[in-house]
Amino acid sequence: MKMKKALLLGIAALSLGATALVVQPQQTNASSIYSAGNPFWNRLPWVTLRRNVKVLKIRNQVPVYKSYRVKTFIAKKGYHYRLGHWAANYSWTLESGRFNSHSTSRYTYVVAKKWNSHSWFRFGIH
């Protein structure tokens with residue numbers, strides 16, 4: 001009887017091991033629309049601000065770590081801006097209206113929010 005149980009246990013262990021080798025988890029790319037690396041951000045979408053946000057005017061220097069804040073503004077709730085989201089240096093940048101970082105390479109307008117924070121805006125002009 002012990003031999004029979006040991007044999008069944010061995011067969012069960014081998015079959016489970018073989019199943020684990022065959023069934024491998026599929027790797028997925030769970031890239032959120034809010035992720036900085038998402039190609040969605042290549043076109044700088046229009047957003048509507050859900051709340052007032054602090055915008056820092058940064059004087060660009062080379063190397064980047066020597067850049068410094070020049071002025072602070074408040075972007076008002078309900079206004080519409082083009083928003084950039086980058087993986088390096090500054091997470092959220094404004095690219096339209098008064099806060100146009102693209103028009104000159106001297107200044108960058110950065111929203112003072114964490115890189116993974118996105119509750120302060122919504123996509124599109126509503």
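Residue numbers run from 1 in the order of the sequence given.
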What one should report as the nearest heavy-atom pair of Leu44 and Glu95 is CD1-CG, 3.8 Å
Give, for atom CZ of Phe73 and atom CZ of Arg98, the distance between the pair rounded to the nearest 0.5 Å. 4.5 Å
What distance separates Thr108 OG1 from Asn100 CG, expressed to the nearest 0.5 Å? 10.5 Å
Less than 4.5 Å apart, side chain to side chain, heavy atoms only: is that true for Arg106 and Asn60? no
With a 6.0 Å cut-off (strictly less than), is the heavy-atom count around CZ of Arg69, excluding the residue itself, greater than 12? no
Hey, what do you get for CG (Leu94) to CZ (Arg82), rounding to the nearest 0.5 Å? 12.0 Å
Donor-acceptor contact below 3.5 Å, side chain Thr93 vs main chain Val110: no
Here's one to test your reading of the geometry: is the NZ or CZ of Lys57 within 45 degrees of the ring axis of Tyr109 and under 6.0 Å from its centre? no
Closest heavy-atom pair, Lys77 versus Asn52, reported as atoms and distance to 0.1 Å, is N-OD1, 2.7 Å
How many angstroms lie between atom NZ of Lys113 and atom NZ of Lys54, to the nearest 0.5 angstrom? 9.5 Å
Might you point out which heavy atoms bring Gly124 and Thr48 nearest each other, and give the distance in Å? O-OG1, 2.7 Å
Over 60° means perpendicular and under 30° means parallel, so classify the ring planes of Tyr79 and Tyr81, tilted if in between. parallel
Spacing of Trp120 atom CH2 and Ser117 atom OG [to the nearest 0.5 Å]: 7.0 Å
With rounding to the nearest 0.5 angstrom, report the NZ to CG distance, Lys71 to Leu56. 13.0 Å
Would Ile58 and Tyr107 satisfy side-chain contact (heavy atoms from CB on, under 4.5 Å), going step by step from the backbone distance to the final call? CA-CA 5 Å; Ile58 305 292; Tyr107 298 102; over 6 Å; no
When the ring centroid of His80 is compared with that of Trp46, is the distance short of 6.0 Å? no
Nearest heavy-atom approach of Arg51 to Ser119 is NH1-OG, 3.1 Å
